K.L.:
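Can you read through this structure? Questions will come right after.
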Amino acid sequence: MSDPETYDFVVLGGGSAGFAAATTAVQQGLRVAVIEGGEEVGGLCILRGCMPSKTLLESGHRAAQIRRAEEFGLKADFHGADGPEILDRKRRLIADFAGYRKQQLESGKFAFIRGRARFTDPHTLQVELQAGGEQTVRGRTFLLATGSEIRWVELPGLREAGVRTSDDVLDSDRIPKSVIILGAGPTGLEFASYYAGVGSEVTVIQRGAQILRGVDHDVSDALREALASRGILFFTKTVLKRIERTGELKRVVFEHEGVECSVDAEEIVYSLGRKPAIASLGLEHGGVEVTPHGSVVANGSQQTSTPHIFAAGDVCGPYEIVHIAIQQGEIAARNAARLLRGEAATLEEIDYRLKLFAVFTLPQVANVGLTLREATDLDLNVMEAVYPFNDHGKSMVRGETEGFVKLIVSIGDCKIVGAAVIGPEAAELIHEVVVAMRFGATAGELATTPHYHPTLSEIWQYPAEALACEFEARRKG
Ligand SMILES: Cc1cc2nc3c(=O)[nH]c(=O)nc-3n(C[C@H](O)[C@H](O)[C@H](O)COP(=O)(O)OP(=O)(O)OC[C@H]3O[C@@H](n4cnc5c(N)ncnc54)[C@H](O)[C@@H]3O)c2cc1C
């Protein structure tokens, strides 16, 4: 038998992190192999994550707009949503995105191997090929980028009742009359927004007191109020007890404020989180440590406990978001190249100062940098200013006056350290502050940057001006 091939950089997983890493590694002059074990090629974002969910949400949000036509002097009635048409549109778009990604993976710039990989020693993988048989692949460095999978909790009746996961929702043409969403994280809330838009009765059940845990409580409260005004019913501070079937309906039984309650609906959407996909990777043979929660341990250079094995994306976290997966993958590839050139002392580290987060509910939520809670936890001396959309001309013209923007600056130099938006086009608006923060702008500099009138973006000038004035006042004593 001939010796197995040895690559400079072997990537396990051809999703967002893996593809970005492989492309970067090729640019670094490395000989690269990507091993992809999925039935379909494309990764979570394209196949079952960001893109399909945003496609459905687009339908939900347009339905919500049609219902408001009269407010704008228009005659249009909402006659209901067509589930099969919505799904068909999603399938067409996703087939297009996935087809393009497949072409990129098969472009010949690197070896693309379809199969599931597992370590047999720190430099060797055994790959169970999709086409049948096995292949041994050796590498000088590796990247773990195998993503995540749904995390199931123990809950009596859960499996028997037949709940829908995010994968099911994104591939279903049925719009239920009523739906219960278990979990109020980004995915659960986006599905709540979608179903409310297309006309389902929606109930969200959340364990903690706050929906969307990662944001400040004022942002979370404003989102809850806005979603509740669209008819979404929330139960927070709950303990799930069991799931039952009651005739045609499904029932969630839970404890709420010390009392046992239940809600019935046609469908239950299970949105209680994901976990790293590491089960069959043989990480113990690679000497790769994992946390008690099952995340691959990686340092700021994306190195695992075995320095020539890197990790990126959902498999290691700490933020399960595409642009971070990509950034981690690129850093891992550049660092692998440095290791191979004998430049281990010059590895680059990831910087989460500009970490971004967005939720595409109606209205949207977005955050960059630190939240006020994070700044306080870090004992940073900061001040914030908030400005509401209901006092902003362009938002009033658009009839989208819910929510606010907020800026957080460091008291010492008035540099922006964080921002949040809950309101129209939040996921777009936040990028102005990303750029400002990238170049170390102060609130005063943002306030005096030209803004076209009338635009949503102008709203940033108000909190920026308030903070710049406050900074000046403090400076003068
Ligand atoms: C419903 C939903 C909506 C989302 N919306 C957003 C959003 O709007 N914005 C955002 O930033 N993020 C969003 N996310 C999160 C985002 O999709 C992920 O953070 C991102 O796709 C992770 O990329 P990754 O490269 O780490 O993993 P993946 O893209 O999952 O890639 C992992 C790849 O590894 C392969 N693999 C697994 N095991 C093996 C093995 N043993 N051998 C070989 N290959 C293997 C898999 O087949 C897969 O292709 C969403 C997620 C979900 C579920």
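Just so you know, these numbers use all the heavy atoms, side chains as well, and skip hydrogens, waters and symmetry mates. Quantities reported herein were computed from a predicted structural model and do not represent experimental measurements. Ligands are counted one by one from 1 in listed order, and the atoms in each one are counted from 1 as well.
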K.L.:
G115 heavy atoms, cut-off 4.0 Å: which ligand 1 atoms fall inside?
P.N.:
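In order of number, 42 (N), 43 (C).
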K.L.:
Taking heavy atoms and a distance under 4.0 Å, where does P186 meet ligand 1: side chain, backbone, both or neither?
P.N.:
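For P186, no heavy atom sits under 4.0 Å from ligand 1.
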K.L.:
Which protein heavy atom lies closest to atom 20 (C) of ligand 1, and at what distance to 0.1 Å?
P.N.:
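Atom 20 (C) of ligand 1 sits closest to the protein heavy atom V322 CG2, 3.8 Å.
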K.L.:
Going by heavy-atom distance to atom 52 (C) of ligand 1, choose the closest among A427, G49, S166.
P.N.:
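Heavy atom nearest to atom 52 (C) of ligand 1 belongs to G49.
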K.L.:
Using a plain distance cutoff, I'd like to know if A117 has any nitrogen or oxygen under 3.5 Å from a nitrogen or oxygen of ligand 1.
P.N.:
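Right, the criterion is met.
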K.L.:
When you compare ligand 1 with R116, is there at least one nitrogen or oxygen pair between them that comes in under 3.5 angstrom?
P.N.:
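Yes, R116 has an N/O under 3.5 Å of an N/O on ligand 1.
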K.L.:
Is a salt bridge present between E128 and R116, judged by a nitrogen-to-oxygen distance below 4.0 Å?
P.N.:
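Result for this pair is no, no salt bridge flagged.
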K.L.:
Run the numbers for me: atoms of ligand 1, each under 4.0 Å from some heavy atom of E320, listed by number.
P.N.:
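Taking each heavy atom of E320 in turn, ligand 1 has 15 (C), 19 (O) under 4.0 Å.
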K.L.:
Is it the side chain, the backbone, both or neither of L281 that has a heavy atom closer than 4.0 Å to ligand 1?
P.N.:
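Only the side chain of L281 comes within reach of ligand 1.
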K.L.:
Which of these, E128, Q130, E40, K54, has its nearest heavy atom closest to atom 8 (O) of ligand 1?
P.N.:
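Among E128, Q130, E40, K54, the closest heavy atom to atom 8 (O) of ligand 1 belongs to K54.
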K.L.:
Please list, in number order, the atoms of ligand 1 under 4.0 Å from a heavy atom of S53.
P.N.:
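Close to S53: 3 (C).
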K.L.:
Less than 4.0 Å between a side-chain N and a carboxylate O, is that true for D216 and K406?
P.N.:
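Yes, charged N to carboxylate O under 4.0 Å.
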K.L.:
Tell me whether K275 is salt-bridged to E320, with the criterion being a basic N under 4.0 Å from an acidic carboxylate O.
P.N.:
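Salt bridge absent between K275 and E320.
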K.L.:
Tell me whether A17 has any N or O atom under 3.5 angstrom from an N or O of ligand 1.
P.N.:
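For ligand 1, there is an N or O atom that lies under 3.5 Å from one belonging to A17.
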K.L.:
Kindly determine whether Q210 and R213 satisfy side-chain hydrogen bond (donor to acceptor under 3.5 Å, both in side chains), including the steps that lead there.
P.N.:
CA-CA 6 Å; Q210 179 176 317; R213 265 188 307 141; over 6 Å; no
K.L.:
Considering non-hydrogen atoms of the protein only, which is the closest contact for atom 18 (C) of ligand 1, and what is the distance?
P.N.:
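Answer, as residue, atom name and distance: D314 OD2, 3.4 Å.
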K.L.:
Please determine whether a side-chain nitrogen of the Lys or Arg among K250 and E266 lies less than 4.0 Å from a carboxylate oxygen of the Asp or Glu.
P.N.:
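No, no charged N to carboxylate O under 4.0 Å.
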K.L.:
Can you list the ligand 1 atoms lying under 4.0 Å from a non-hydrogen atom of G147?
P.N.:
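Once the distances to G147 are compared, the set is 26 (O), 27 (O), 30 (O), 32 (C).
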K.L.:
Within a distance under 4.0 Å of any heavy atom of R48, pick out the atoms of ligand 1 and give their elements.
P.N.:
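In order of numbering, the contacting atoms are 1 (C), 53 (C).
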K.L.:
If we only count heavy atoms from C-beta on, is the P156 to I243 side-chain gap below 4.5 Å?
P.N.:
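A side-chain contact under 4.5 Å is absent here.
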K.L.:
Any side-chain heavy-atom pair from Q302 and I350 closer than 4.5 angstrom?
P.N.:
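Sidechains of I350 and Q302: in contact.
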K.L.:
Show which atoms of ligand 1 fall inside a sub-4.0 Å distance from at least one heavy-atom site of G38.
P.N.:
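Taking each heavy atom of G38 in turn, ligand 1 has 47 (O) under 4.0 Å.
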K.L.:
Note the single closest protein heavy atom to atom 34 (O) of ligand 1, along with its residue, its atom name and the distance in Å.
P.N.:
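Looking only at protein heavy atoms, the one closest to atom 34 (O) of ligand 1 is G13 CA, 3.2 Å.
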K.L.:
Show your reasoning for whether ring pair (Phe, Tyr, Trp, His ring centres under 6.0 Å) applies to F119 and F142.
P.N.:
CA-CA 10 Å; F119 281 94; F142 293 85; 5.1 Å; yes
K.L.:
Start with the C-alpha gap between Q328 and I326, add the side-chain angles, then the distance that decides, and say whether side chain to side chain contact (heavy atoms under 4.5 Å, CB included) holds.
P.N.:
CA-CA 5 Å; Q328 291 175 337; I326 292 172; over 6 Å; no
K.L.:
Using a strict threshold of under 4.0 Å (side-chain N to carboxylate O), is an ion pair present between R334 and E348?
P.N.:
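So E348 pairs with R334 through a salt bridge.
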K.L.:
Check D88 with R92, please: is the shortest side-chain N to carboxylate O separation under 4.0 Å?
P.N.:
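Yes, R92 and D88 are salt-bridged.
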K.L.:
Does Y7 have R140 sitting over its ring (NZ/CZ under 6.0 Å from centre, angle to axis within 45°)?
P.N.:
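Ring-cation test returns no.
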K.L.:
Under 4.0 Å between a Lys/Arg side-chain N and an Asp/Glu carboxylate O for R68 and E400?
P.N.:
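No, this pair does not count.
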K.L.:
Just going by heavy-atom distances, which of C50, S280, S271 is nearest to atom 6 (C) of ligand 1?
P.N.:
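Residue with the shortest heavy-atom distance to the ligand atom: C50.
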K.L.:
Tell me, which protein residue and heavy-atom name are nearest atom 30 (O) of ligand 1, and how many Å apart are they?
P.N.:
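The answer is L44 CB, 3.3 Å.
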K.L.:
Has ligand 1 got any nitrogen or oxygen that is less than 3.5 angstrom from a nitrogen or oxygen of L12?
P.N.:
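No; the residue has no nitrogen or oxygen that sits under 3.5 Å from a nitrogen or oxygen of the ligand.
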K.L.:
Are K102 and E106 close enough for a salt bridge, meaning some N to O gap below 4.0 Å?
P.N.:
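Salt bridge flag = yes for E106 with K102.
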K.L.:
Below the 3.5 angstrom mark, is there an N/O of H323, backbone or side chain, next to an N/O of ligand 1?
P.N.:
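Not met; the criterion fails.
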K.L.:
Among G42, G313, G37, C45, which residue places a heavy atom closest to atom 45 (C) of ligand 1?
P.N.:
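Selected option, by shortest heavy-atom distance: G37.
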K.L.:
In the protein, which heavy atom is nearest to atom 47 (O) of ligand 1, and how far is it?
P.N.:
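Atom 47 (O) of ligand 1 sits closest to the protein heavy atom E36 OE2, 2.5 Å.
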K.L.:
With heavy-atom distances below 4.0 Å as the criterion, list the atoms of ligand 1 near I35.
P.N.:
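Going through ligand 1 atom by atom, the ones under 4.0 Å from I35 are 43 (C), 44 (N).
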K.L.:
List the closest protein heavy-atom neighbour of atom 37 (C) of ligand 1: residue, atom name, distance to the nearest 0.1 Å.
P.N.:
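Going atom by atom, the protein heavy atom closest to atom 37 (C) of ligand 1 ends up being T146 O, 3.4 Å.
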K.L.:
Which ligand 1 atoms, with their elements, are less than 4.0 angstrom from a heavy-atom of A145?
P.N.:
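Numbered from 1, ligand 1 contributes 31 (O), 32 (C), 33 (C), 34 (O).
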K.L.:
Check this for me - ligand 1, S16, N or O atoms closer than 3.5 angstrom, yes or no?
P.N.:
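In this structure, S16 places an N or O atom under 3.5 Å from an N or O of ligand 1.
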K.L.:
Are the charged groups of E134 and R118 less than 4.0 angstrom apart, N to O?
P.N.:
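Yes.
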K.L.:
Among all protein heavy atoms in this structure, tell me which lies nearest to atom 31 (O) of ligand 1, with the distance rounded to 0.1 Å.
P.N.:
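Sorting protein heavy atoms by distance from atom 31 (O) of ligand 1 puts G15 CA, 3.4 Å first.
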K.L.:
Decide yes or no for K90 and E58: does some side-chain heavy atom of the first lie under 4.5 Å from some side-chain heavy atom of the second?
P.N.:
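No, their side chains stay 4.5 Å or more apart.
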